[in-house]
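So that the names make sense, note that chain A is the first sequence line, chain B the second, and so on, each numbered from 1.
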Amino acid sequence: MPNMSLKKNPMPEQEPQIRNKNFEEVALGYTEEQAIDEAKRCLNCKNKPCTGGCPVHIHIPAFIQKVAEGEFEEAYSIITEASSLPAVCGRVCPQESQCEQKCVRGIKGEPVAIGRLERYVADRHNAVERKKTEPPKNNGHKVAVIGSGPSGLACAGDLAKRGYSVTIFEALHLAGGVLVYGIPEFRLPKSIVASEIEGLKALGVKIETNTVIGKTISIDELQNDYGYEAVFIGSGAGLPKFMNIPGENLKGVYSANEFLTRINLMKAYKDDSTTPIQRAQRVAVVGGGNVAMDAARCAKRFGAEVYVVYRRSMDELPARREEVEHAKEEGIIFKTLTNPVAIIGDEKRNACGMTCVEMELGEPDATGRRRPVEKANSEFTLDVDCVIMALGTSPNPLIKATTEGLQTQKWGGIVADENGKTSREGIFAGGDAVTGAATVILAMGAGKTAAAAIDDYIKNKK
Amino acid sequence: MYEIIRKKTLNPFVVLMEINAPLVAKKAEPGQFIILRTDENGERIPLTIADYNRESGTITIIFQKVGATTEKLAHMEEGDSLADFVGPLGNPTATEGRKKVAVIGGGVGCAIAYPVAKKFFEQGTEVHSIIGFRNSELIILEEEFAKVSSKMKLMTDDGSRGEKGLVTDALKSFIESGEKYDEVITIGPMIMMKFVCKLTKEYGIKTIASMSPIMIDGTGMCGGCRLTVGGETKFACIDGPEFDGHKIDFDEVIARCGTYCEFERHAREETCNLFAKEVK
């Protein structure tokens, strides 16, 4: 008998006024009872619309049935047939616009909490000591993976399971890409990323940190001197964009990447950290995506008054609804329909204010969103001593600049077909490096697709 | 891990280390830099490559004790290992086609200016070097510069060695005496580079300045190292570190470099105190 409650089991969370002062995880996760109760809300419908909404096509009703039966390890096996990073995706996937959006229960009431169940299953699996996984039998072929973010990890994992010797090359000192330098601890604990990476190592994947492909070693060297038969580029979209307005290079103006990297990768959130970071009084975060929410919530946790400045309205915020709600609960002030035109500095070149104009929404533009138009004579100054630019990122040019014959788009993205094949023999690519900044799950999906294509390519090569 | 093969104290504030990093040594060129962390909880600091040896697989770094990390690094010994060492980053110095150049180094910047001067010398370019220090105690690489320069001038602020005055005084006298340079390369404190560029602009001599602003990843990700060159925002890590000195907005870079000055000073003092306690 299904549970016909119209509402999801609520996610236990830290209280807003407590969590906005610490960096511990906001969402605490379901208990076993809550998970089983929630799983019973699934009608196990025949045509499984949820699976169609999942970029990697997890057999969602099947795993949820196992949760309802209390067979959690079996549920985990079903998820990992399709997903490489369930504990991560259960936390950061935009389920509301993917699987849960398609859920039949959502027509009348709330959809089944698929993301929360995925997270429960993965966390439960990770909490018990893992059986020692024996690395699969080696097939004698070597593949190099560039970048250890979601696409690289997924690609490496799938290839390792197929018996390939896989080496991941990471530019930073720690593996995980955006999962470790970008997404904050309170949304995705680093111990979870670390345990996913340990899982890959158990499969025999080697990780070489401190290696910048294009600088330390070129892709041509990987192919010709190091003997890698195929190369997967998952170098992400790490180059921050700026607005090119006056005052953007004043002290106290950060890219969201720099601000978040100092806090996450360089651990400025820890009390005993030696990483310098400005302890601002009043912070403006410019932008409305998930990265803007992360930066704003981090700044709040350092005790600042925080504004999110966005040129469209609340309805157009590209961030996940849940992140926006969390940010609001934590006391972040949304200045929507507002666009910065200049940052003002004091005599020591410290940012001390931001000149903004008010906007109104006009006709829809090419993306279908209503275009913001400046209101006449609406200029005002926001009194802030720190500005964080969270305007998006573009692909890193290092690989493009050092790999001859690799075709790229005008905006820097690597040209790849639907299987990740690039213009160069034996070189595949996926994730943000191809699409521009997108989501963890899409990057992971691209990594998996490319892994299958690489397997095909090597098997059919003469 | 990256072992410290050799350590040498060059003056009370400046230390030389040769680090085992074969992959970096294989590719390194003058003008490029590395990023290191001393230990698991350390910060990432960029240092320009002072020398490299492809056969032994080592990179030489020369650094001044300014913050907590450089202080900690200075306390490490031969046989110890650094947690992280990544490179070579940035673009090499362009040296082709120059027939005669002046290399201007200031303070610990001489450590970076030297390999550039050496590369010019080895390719047959006539090199004039001007190196400046606050006082005689701080002089480094004097003999090394002498070996690769057909003309050399040593300057100190207080006149305790060489000639009393600034590097710009010496450069001006070279130029005034009729020396014609294809290019001037300047590496040292921002304020010194600013005035070298100001001088050469008056004479219309192309000048390259090496920028070492605040940086985290060194691969274009953080944007912390951005500066304005010719009205455009550039990233020192991937567009530089060397730029046309006449186009750099030095006042902006100087201000940005001071962002964490207080923090640095405090952190270094704390580190010093810690080491002092250990000694007791």
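Residue L250(A) touches chain B through its backbone alone, counting heavy-atom pairs closer than 4.5 Å. There is no contact between A28(B) and chain A, counting heavy-atom distances below 4.5 Å. With a threshold of 4.5 angstrom between heavy atoms, L227(B) approaches chain A through N, CA, C or O but not through any side-chain atom. Only the backbone of F85(B) comes within contact range of chain A, judged by heavy atoms closer than 4.5 Å. Contacts between L23(B) and chain A at a heavy-atom distance below 4.5 Å involve backbone atoms as well as side-chain atoms.
Chain B forms more heavy-atom pairs under 4.5 Å with one residue of L260(A), L398(A), V253(A), L265(A) than with any other, namely V253(A).
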Determine which donor-acceptor pairs between chain B and chain A fall under 3.5 Å and list them with their distances.
| unit_1 | atom_1 | unit_2 | atom_2 | d |
| --- | --- | --- | --- | --- |
| K27(B) | NZ | T216(A) | O | 3.3 |
| K27(B) | NZ | E221(A) | OE1 | 2.5 |
| K27(B) | NZ | E221(A) | OE2 | 3.4 |
| R37(B) | NH1 | H173(A) | NE2 | 3.4 |
| R44(B) | NH1 | H173(A) | ND1 | 2.9 |
| D84(B) | OD1 | N210(A) | ND2 | 2.8 |
| G87(B) | O | T216(A) | OG1 | 2.8 |
| G90(B) | O | K215(A) | NZ | 2.9 |
| T219(B) | O | N396(A) | ND2 | 2.8 |
| M221(B) | O | N257(A) | ND2 | 2.8 |
| C222(B) | O | S255(A) | OG | 2.5 |
| R226(B) | NE | N249(A) | OD1 | 2.9 |
| R226(B) | NH2 | E248(A) | O | 2.7 |
| R226(B) | NH2 | V253(A) | O | 3.0 |
| T228(B) | OG1 | N249(A) | ND2 | 3.0 |
| E252(B) | OE2 | N249(A) | ND2 | 3.1 |
| R256(B) | NH1 | N249(A) | O | 3.1 |
| R256(B) | NH1 | L250(A) | O | 3.3 |
| Y260(B) | OH | Y254(A) | OH | 2.7 |

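Counting all heavy atoms, side chain and backbone alike, G223(B) lies closest to F242(A) at O-CZ, 4.4 Å.
Not a single ring-ring contact (aromatic ring centres under 6.0 Å, His included) links F250(B) to another residue, sequence neighbours left out.
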